[in-house]
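Sharing a structure with you now.
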Amino acid sequence: MSQNAPPLDPPQRLLMGPGPSAVHPRVLEALAKGTVGHLDPYYLELMDGLQGLLRQLFRTNNELTFAVSGTGSAGMEATVVNLIEPGDSMVVCINGVFGSRMAEVAERAGAVVTRVERPWGEVFSVEDLESTLEQARPKVVGIVMAETSTGAYQPLEEISRRVHEAGGLLLVDAVTSLGGVPVEVDAWGIDAIYSGTQKCLSCPPGLAPVSFSPRALEVIRSRKTKVQSWYLDASLLASYWGSNRVYHHTGPINMSYALYEALRLIHEEGLEACFARHLLHHEALAAGLAALGIGYTAQPGHRLPMLNAVAVPKGVDDAAVRRGLLEDFGIEIGGGLGAFAGKVWRIGLMGYGARTNNVLLFLAALEHLLAKQGHPFSAGSGVAAASAHYT
Ligand SMILES: *Cc1c(COP(=O)(O)O)cnc(C)c1O
């Protein structure tokens, strides 16, 4: 039988899509270290270390800060199911795919969900939420900080203030934003937040960092019903991550090594330097794309540096370009989701992937493939514009 199973030989890829993104070599090395037991003193110490590094990255003192075993969507479920009891009112802001997913998760958790919608590519202002906050009186308001389907960058500070005035808790999706732009959990008053390892943390998919504010913790402690998910019950998880160390489930040991090393890399570089690097490469890429006549889909002033969602030029075959990038250059970018299918390319500059060589290589490859399709521009203009931005 085993003769039928070929040896593992994944192709070399340059991951420049919406995630997973490029994994740092030091993170890959960390994954390959020897597995210890999940109650081994070494692992328990590593969990403490991870929590400390995550608190620094989330810029929070929240005691309940840890990594859920699962991808970003597990973080979404974990934050929602712990805060919501059947019949609770929840408002979800939807301007792309991930807001819709959050509304779906909240409904399954028994919330009475009110959807507030904005066109794809646009962001929410306080005014957009005003009447809904009055009418729905939500226990929780959910919003996506970096909408990976559209490239829109949602400001949170004012919305957070207004949600609290209305007596609600603010729940934030920071899957794509964490590690790429500032995420200020305490300063902005975020009550529950989740992320994922495979976007700006330069790590493979598999863990979902989360954090709950003392206010959220109070809400969880005063629940009248049990959390609908045993696996994601924050009180049970807190006993495992806290000082009691009560066995709950087997922690994903090697992924914890990987996340630990990934967070060490970010803190070694320094948060400000890391955010500045994401911005620099985004601006260089934007300059290169502009020279090719390619524009962004997100509203001006609200564009994410790590996720560049741009319009496929008129007359260009979206699928052929993405196939050419993958087959001829080993580069993966993302296509459009939902309403943007066939119309948008999503170019990720996340974590370890946000580098000069990736930007210039991608632009050169794109120019080559566009020229093949007869797209009019002067060859080399994209690379030249990006290069000028660097120099
Ligand atoms: C990727 C992503 C998710 C889902 O994360 P998975 O790791 O795929 O489960 C949720 N929200 C946003 C904004 C994302 O970009």
Side-chain angles (χ1 to χ4, degrees), residues 15-23 27 54 58 67-81 92-106 108-109 117-118 120-124 141-156 170-181 183 190 192-211 229 231-232 252 255 258-259 262 278 282 297-298 302-309 332-340 344-351 353-354:
L15 296 175
M16 294 184 70
S21 53
V23 176
V27 173
L54 282 175
F58 275 131
V68 170
S69 304
T71 65
S73 303
M76 186 189 283
E77 297 251 19
T79 47
V80 171
V81 298
V92 182
C93 303
I94 301 177
N95 56 353
V97 166
F98 294 102
S100 300
R101 181 176 299 182
M102 195 194 288
E104 170 78 12
V105 166
R108 288 178 186 222
E117 307 209 22
R118 291 284 296 153
W120 281 40
E122 295 183 20
V123 298
F124 291 87
V141 175
I143 194 161
V144 178
M145 185 179 173
E147 190 33 271
T148 320
S149 60
T150 68
Y153 186 174
Q154 173 66 53
L156 294 173
L170 184 69
L171 192 168
V172 171
D173 177 321
V175 176
T176 287
S177 52
L178 190 70
V181 291
V183 176
I190 295 169
I193 190 164
Y194 59 91
S195 188
T197 42
Q198 80 276 24
K199 309 277 167 104
C200 287
L201 304 185
S202 317
C203 214
L207 284 174
V210 297
S211 186
S229 163
Y231 194 72
L232 299 175
M255 260 311 288
L259 178 57
H278 281 86
H282 158 70
T297 53
H302 295 283
R303 290 172 183 158
L304 292 169
M306 77 291 279
L307 194 281
N308 297 262
E332 178 187 284
I333 65 164
L337 287 181
F340 281 178
V344 167
W345 287 324
R346 294 182 301 149
I347 307 148
L349 293 172
M350 299 186 184

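Every value quoted in this text rests on a predicted model; they were computed, and no experiment measured them. Each ligand, and each atom within it, is numbered from 1 in the order the structure gives. Atoms considered below: every heavy atom in the structure, side chains included; atoms not considered: hydrogens, waters and symmetry mates.
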Any donor-acceptor pair under 3.5 Å linking the side chain of T71 with the backbone of G206?
no
Quick one: salt bridge (Lys or Arg N to Asp or Glu O under 4.0 Å) partners of R303, sequence neighbours excluded?
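Once residues adjacent in sequence are excluded, R303 has no partner under the salt bridge (Lys or Arg N to Asp or Glu O under 4.0 Å) criterion.
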So if I only count non-hydrogen atoms and take anything under 4.0 Å from ligand 1, which residues does that give, chain by chain?
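Correct list: T71, G72, S73, F98, R101, V144, A146, T148, D173, V175, T176, Q198, K199.
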Only counting residues at least two apart or in another chain, list the ones meeting salt bridge (Lys or Arg N to Asp or Glu O under 4.0 Å) with E104.
R108
Donor-acceptor pair, T297 side chain versus T150 backbone, under 3.5 Å?
yes
Could you work out, with salt bridge (Lys or Arg N to Asp or Glu O under 4.0 Å) as the rule, every residue matching E122, not counting sequence neighbours?
R118
Would you confirm whether S177, through its side chain, and M145, through its main-chain N or O, come within 3.5 Å as a donor-acceptor pair?
no
